[in-house]
Amino acid sequence: MNRKAYLLLVLLLSVTTFMSGQSLKESKKMYANEKKNNELVNKQVNQKATKQARKEAKRLKKEGYIVPIGKISIDKQLEQAWRMQYELTENGPKYIIGSANSVAGNQNAARLQATNMAKLDLVAQMESQLAQMIEMKVANQEMSTDDAETITSMVSSSKTIISGKLGQVTPVVDVYRQLPNGNFECQVTLGYDSNEALKVTRDAIRADLNKRADGLAEKLDQMIN
């Protein structure tokens with residue numbers, strides 16, 4: 001290698017090393033800024049959740065609500081629910097939140113009814129979330145209107161099946177009160193992972209979609225994945 005070529009090689013290596021160093025430095029800086037922003041957002045979310053929870057807890061206590069034996073306080077339950085409601089991912093809300101209240105002759109019956117109704121509330125939100133995704137596919141001409149209507153119709157007619165596939169969902173908020181007539185009123189709030197909810201919805205209608213010859217099951221897989 002002659003001297004000119006050698007100097008050129010040294011120059012290229014120096015530039016590459018400098019650029020790599022700059023790239024690493026910029027990456028570290030971006031990571032630090034992102035971490036700082038996330039910490040700030042989390043702090044704001046926690047503050048807002050705590051404020052909202054205390055306000056709501058005060059109202060429920062005033063109305064005579066208490067927690068079942070073994071459950072954490074109303075304040076802590078509501079704080080957890082609010083925090084889950086505000087938590088976001090790059091795809092949107094991390095959790096969907098379903099709530100319901102029910103009245104029955106005893107506490108257990110009221111709680112069971114409220115839980116089942118809250119599950120249906122979750123399914124309704126899952127249906128809405130999937131409908132938005134389908135609308136985007138249609139708008140981008142990645143799915144026909146007929147296919148969109150078929151999937152939407154199947155989800156709508158399968159709400160009870162989807163609700164059953166949610167399994168044993170642990171309530172985030174579980175409070176009750178005894179009414180003057182002796183009946184019990186129970187309020188239940190459920191939190192469910194958004195991504196998992198979409199998979200449950202997909203699995204619930206996939207068998208029917210597989211019976212069709214137009215590849216709708218595969219289209220739904222691609223969309224949810």
Side-chain angles (χ1 to χ4, degrees), residues 38-61 63 65-104 107-134 155-156 158-177 184-205 223-225:
N38 287 340
E39 289 174 350
L40 179 61
V41 169
N42 288 334
K43 183 178 179 180
Q44 292 173 341
V45 165
N46 288 334
Q47 290 175 345
K48 189 170 185 179
T50 301
K51 184 178 179 180
Q52 295 282 7
R54 287 175 179 172
K55 183 178 179 181
E56 183 71 6
K58 186 177 180 180
R59 180 185 67 81
L60 289 176
K61 290 175 183 177
E63 293 177 0
Y65 282 95
I66 58 176
V67 300
I69 297 175
K71 295 284 186 178
I72 61 176
S73 68
I74 294 179
D75 303 65
K76 292 298 182 182
Q77 288 188 36
L78 291 170
E79 189 174 331
Q80 182 181 1
W82 278 102
R83 189 174 290 114
M84 290 175 69
Q85 186 171 327
Y86 288 130
E87 191 168 352
L88 300 174
T89 68
E90 64 274 10
N91 297 320
K94 184 175 181 180
Y95 298 98
I96 52 175
I97 306 295
S99 299
N101 71 302
S102 180
V103 177
Q107 179 190 341
N108 289 334
R111 182 176 183 272
L112 179 61
Q113 291 175 15
T115 300
N116 289 334
M117 292 168 63
K119 283 186 178 182
L120 290 175
D121 186 25
L122 286 178
V123 174
Q125 294 181 60
M126 291 155 62
E127 181 183 7
S128 177
Q129 186 176 359
L130 184 59
Q132 291 177 8
M133 296 173 67
I134 291 174
V155 173
S156 183
S158 303
K159 288 182 179 179
T160 304
I161 297 174
I162 297 171
S163 175
K165 287 185 175 293
L166 293 177
Q168 294 294 326
V169 181
T170 303
V172 181
V173 175
D174 182 1
V175 298
Y176 75 97
R177 65 177 176 176
F184 288 82
E185 182 176 15
C186 185
Q187 289 195 20
V188 169
T189 297
L190 305 176
Y192 206 83
D193 183 271
S194 295
N195 289 334
E196 191 62 32
L198 284 173
K199 292 176 184 177
V200 169
T201 305
R202 176 196 63 192
D203 294 343
I205 64 173
M223 181 172 61
I224 291 181
N225 289 338

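Numbers here simply count residues along the sequence, with the first being 1.
With respect to the salt-bridge test (charged N to carboxylate O, under 4.0 angstrom), the residues K94 and D193 do not qualify. Look at K55 and D75 and you find no salt bridge, because none of the NZ, NE, NH1 or NH2 atoms lies under 4.0 Å from a carboxylate O.
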- Message: D174 vs Q77, test: side-chain hydrogen bond (donor to acceptor under 3.5 Å, both in side chains). Steps then yes/no.
- Response: CA-CA 8 Å; D174 182 1; Q77 288 188 36; over 6 Å; no
- Query: Would R59 and Y65 count as a side-chain contact (heavy atoms from CB on, under 4.5 Å) if you check the C-alpha gap in whole Å, the side-chain angles of each, and the deciding distance to 0.1 Å?
  - Reply: CA-CA 9 Å; R59 180 185 67 81; Y65 282 95; 5.8 Å; no
- Just do the side-chain contact (heavy atoms from CB on, under 4.5 Å) check on Y86 and Q52 with the steps written out, would you? CA-CA 11 Å; Y86 288 130; Q52 295 282 7; 3.9 Å; yes
- Task: Decide yes or no on side-chain contact (heavy atoms from CB on, under 4.5 Å) for E87 and Y95, but give the supporting numbers first.
- Result: CA-CA 7 Å; E87 191 168 352; Y95 298 98; 3.5 Å; yes
- Tell me, with the steps shown, if Q187 and L60 meet side-chain contact (heavy atoms from CB on, under 4.5 Å). CA-CA 10 Å; Q187 289 195 20; L60 289 176; 4.1 Å; yes
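To the nearest 0.5 Å, the span separating CD on E79 from CD1 on I74 amounts to 13.5 Å. Expressed to the nearest 0.5 Å, how far CG of L88 lies from CD of Q85 amounts to 10.5 Å. Here the CG atom belonging to L78 is positioned 11.5 Å from the CZ atom belonging to R83, to the nearest 0.5 angstrom. A distance of 14.0 Å separates OH in Y192 from CD in Q125, rounded to the nearest 0.5 Å.
Annotation: side chain of V188 is not in contact with side chain of N101 (no heavy-atom distance under 4.5 Å). Counting heavy atoms from C-beta outward, F184 and N108 have side chains that stay 4.5 Å or more apart. Side-chain contact between E127 and S156 is present, with heavy atoms from C-beta onward closer than 4.5 Å. Taking the side chain as every heavy atom from C-beta outward, L198 and M126 never approach each other to under 4.5 Å. Looking at V123 and L166, their side chains come closer than 4.5 Å, going by heavy atoms from C-beta outward. Counting heavy atoms from C-beta outward, V67 and I72 have side chains that stay 4.5 Å or more apart. When side chains are defined from C-beta on, T201 counts as touching V155, because their heavy atoms get closer than 4.5 Å.
Residue A114 comes nearest to C186 through the heavy atom pair CB-O, 3.7 Å, listed as atom of the first residue, atom of the second, then distance. Nearest heavy-atom pair across A110 and A104 is N-CB, 3.5 Å. Here the shortest heavy-atom pairing between K159 and L120 reads O-CD2, 4.4 Å. Considering every non-hydrogen atom in both G98 and D121, the closest pair reads CA-OD2, 3.3 Å. Shown here for M84 and G191, the closest heavy-atom pair between the two residues is CE-CA, 3.8 Å. Nearest heavy atom pair, residue L190 against residue T115, reads CD1-O, 3.8 Å.
Although no hydrogens or angles enter the test, the distance criterion places no donor-acceptor pair under 3.5 Å between the side chain of S128 and the main chain of A124. Between the side chain of S73 and the main chain of K76, a donor-acceptor pair closer than 3.5 Å is present. Judged by distance alone, the side chain of S194 and the main-chain N or O of P93 form a donor-acceptor pair under 3.5 Å. Between the side chain of Q80 and the backbone N or O of V172 there is no donor-acceptor pair closer than 3.5 Å.
Other residues, nucleotides and ligands contribute at most 12 non-hydrogen atoms within 6.0 Å of the CZ atom of R54.
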